Every structure is written in C-alpha cells, then in structure tokens.
Amino acid sequence: MTAIRDARPIDRGAIVAVTLAAYEQYAAALTPPLWARYRQNIQATLGDVGTAAQIVAEEESGALVGTVLLFPAGAVMPNPGGTAIPLEWPEVRLLAVAPAARGKGVARRLMEECIQRARAAGSPALTLHTADIMAVAMRLYERMGFTRVPELDIRPAPGILAKGYRLPLTLPSPQRGEGGNREPSPPKGERAG
C-alpha cells in the first residue's frame, strides 16, 4: 500500500530525484537550452517551496514514488517568462511519479489529496498549469474534472504555453457520496424558489 503524507526534511533528496526522473521524459520534446532552463526551474522550485505543502507518496518499503506541491491561495507563483503571478486559488505544481511506479494510481491519489486539502481550506477552486507535451497528465486532470481556462495560461518561455486548468470545488463530490444533480442550497436566510 502506498501512503500519502506530508514531506519531511529528510525526503528532500528523494523528492528532487523522483521529480527529475519523472520530468526527464520531456527533455526530448524541448530544445536543449529550454530543457536546461526547465530543469533549473524545477530544482529552484523544489529548493524553496515557500508556503506550499509538499506532499509525497511513500511505498511500504519507505521509497518515495511520487510527489506534488500545493501552493495556497494568495501565494505568488514565480513565472520564468515574466512577472510573478499571485494565485487567486490554490495551485498544484510539479506532480511527479517515479517512472517505475506509473500506472498504479499514484498520481490520482496525490491529486485527490490536493483536492481534499483545497476543499478543507474552503477554496472554491483548484488550479494547475500543464503543457501539450504532458498529454498523459492532461488526460488525468480532465478525467478528474479539471477544465481548460485559457485566461489562466502563461508563457514561461518563447514558444512554450503552460495551459491553465481549474477544478471548481463547490460542486458535489462523488468521493464524499454527493450526487451530481443537486441544486446548490440557497444562502442562509433565503428561500428556494
């Protein structure tokens, strides 16, 4: 069984190793200078996560097989291609699963943890950015209910588009046993109808 938990300081090396191993597949899709810059950005982000929650997936053996950052609403996200971006909603960054652990639901479990934490914080939405080269991740996000929001797009480098996605958290949650056909409750003091 894989456990999802907050990272500990001792996990730092393993987090960097898992993240770089997971993202290495994108090196072939980028020019060498872009890949070098992206790799540096990953390392810099992991070197100082600031106010983000760093969440890991740990196998029973103690090996870390996945990791993700969850930045809180109000945090400022660095934008290598321009001005830093203040976050209106919590933001998922650097979801990574070790290549040997893929296909076992680790990414989904890490994303579900991010969704649960954003909901518990009272956030009306959760956002993330991804790129076309990350097609498998994009399919996961879309299956989980994230939708494209072009106004959230950023351009971290010339010719690179990081597509914005958002998941509304005010909708009913199948994980909590809520159906999808309910009308939202009227605000306190108002009557429906």
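Scope of the values below: all heavy atoms of this structure, side chains included, with no hydrogens, waters or symmetry mates. Please read these numbers as outputs of a predicted model, since none were measured by experiment. Sequence positions, counted from 1, serve as the residue numbers for this chain.
Counting heavy-atom neighbours within 6.0 Å of Arg5 CZ, excluding the residue itself, gives a total above 12.
Each of Trp89 and Val49 belongs to its own hydrophobic cluster when Ile, Leu, Val, Met, Phe, Trp and Tyr are linked at side-chain heavy-atom distances under 4.5 angstrom. Cluster membership check: Leu161 does not share its hydrophobic cluster with Trp35, using side-chain heavy-atom separations under 4.5 Å among Ile, Leu, Val, Met, Phe, Trp and Tyr. Linking Ile, Leu, Val, Met, Phe, Trp and Tyr residues whenever their side-chain heavy atoms come within less than 4.5 Å leaves Leu152 and Leu69 in two separate clusters.
Within the 4.5 Å cutoff, side-chain heavy atoms of Val92 are placed close to those of Cys114. Looking at heavy atoms from C-beta onward, Thr147 lies out of side-chain contact with Glu142 at the 4.5 angstrom threshold. No side-chain heavy atom of Tyr38 sits under 4.5 Å from any side-chain heavy atom of Leu34. Using a 4.5 Å heavy-atom threshold, the side chains of Tyr141 and Leu95 count as touching.
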Derivation and outcome, side chain to side chain contact (heavy atoms under 4.5 Å, CB included), residues Ile133 and Gln25: CA-CA 9 Å; Ile133 62 172; Gln25 75 184 63; over 6 Å; no

Side chain to side chain contact (heavy atoms under 4.5 Å, CB included) assessment of Ile4 paired with Leu110: CA-CA 7 Å; Ile4 305 298; Leu110 287 165; 3.9 Å; yes

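Using modelled atom types, no side-chain atom of Glu59 and backbone atom of Thr2 make a donor-acceptor pair closer than 3.5 Å. In this structure, Ser123 contributes its side chain and Arg119 its backbone to no donor-acceptor pair below 3.5 Å. Counting only distance, with no hydrogens or angles, the side chain of Arg39 and the backbone of Leu20 share no donor-acceptor pair below 3.5 Å. Looking only at distances, a side-chain donor or acceptor of Asp11 sits under 3.5 Å from a matching main-chain atom of Arg8. Side chain of Asp153 to backbone of Gly164: a donor-acceptor contact under 3.5 angstrom is found.
Of all the heavy atoms in Ala75 and Thr51, the pair that sits closest is CB-OG1, 3.8 Å. Nearest approach of Val18 to Ala98, heavy atoms of both residues: CG1-N, 3.8 Å. The two residues Val56 and Ala7 have their closest heavy-atom pair at CG1-CB, 3.9 Å.
Distance check, rounded to the nearest 0.5 Å: CG of Leu94 to CG of Leu70 gives 12.0 Å. Taking NZ from Lys163 and CG from Leu128, the interatomic distance works out to 12.5 Å, rounded to the nearest 0.5 Å. To the nearest 0.5 Å, the span separating CD on Gln43 from OG1 on Thr19 amounts to 10.0 Å. To the nearest 0.5 Å, the span separating CD on Glu88 from CZ on Arg166 amounts to 7.5 Å. In this structure, the separation between CE on Met111 and CG on Leu126 is 6.0 Å, given to the nearest 0.5 Å. With values rounded to the nearest 0.5 angstrom, Thr31 atom OG1 is found 9.0 Å from Arg37 atom CZ.
Looking at His129, Met138, Met144 one by one, the single match for side-chain contact (heavy atoms from CB on, under 4.5 Å) with Tyr165 turns out to be Met138.
Counted by atom type alone, Thr127 and Glu91 present one or more donor-acceptor pairs between their side chains at under 3.5 Å.
Using a 4.0 Å cut-off between a side-chain N of Lys or Arg and a carboxylate O of Asp or Glu, Glu113 and Arg109 do not qualify as a salt bridge.
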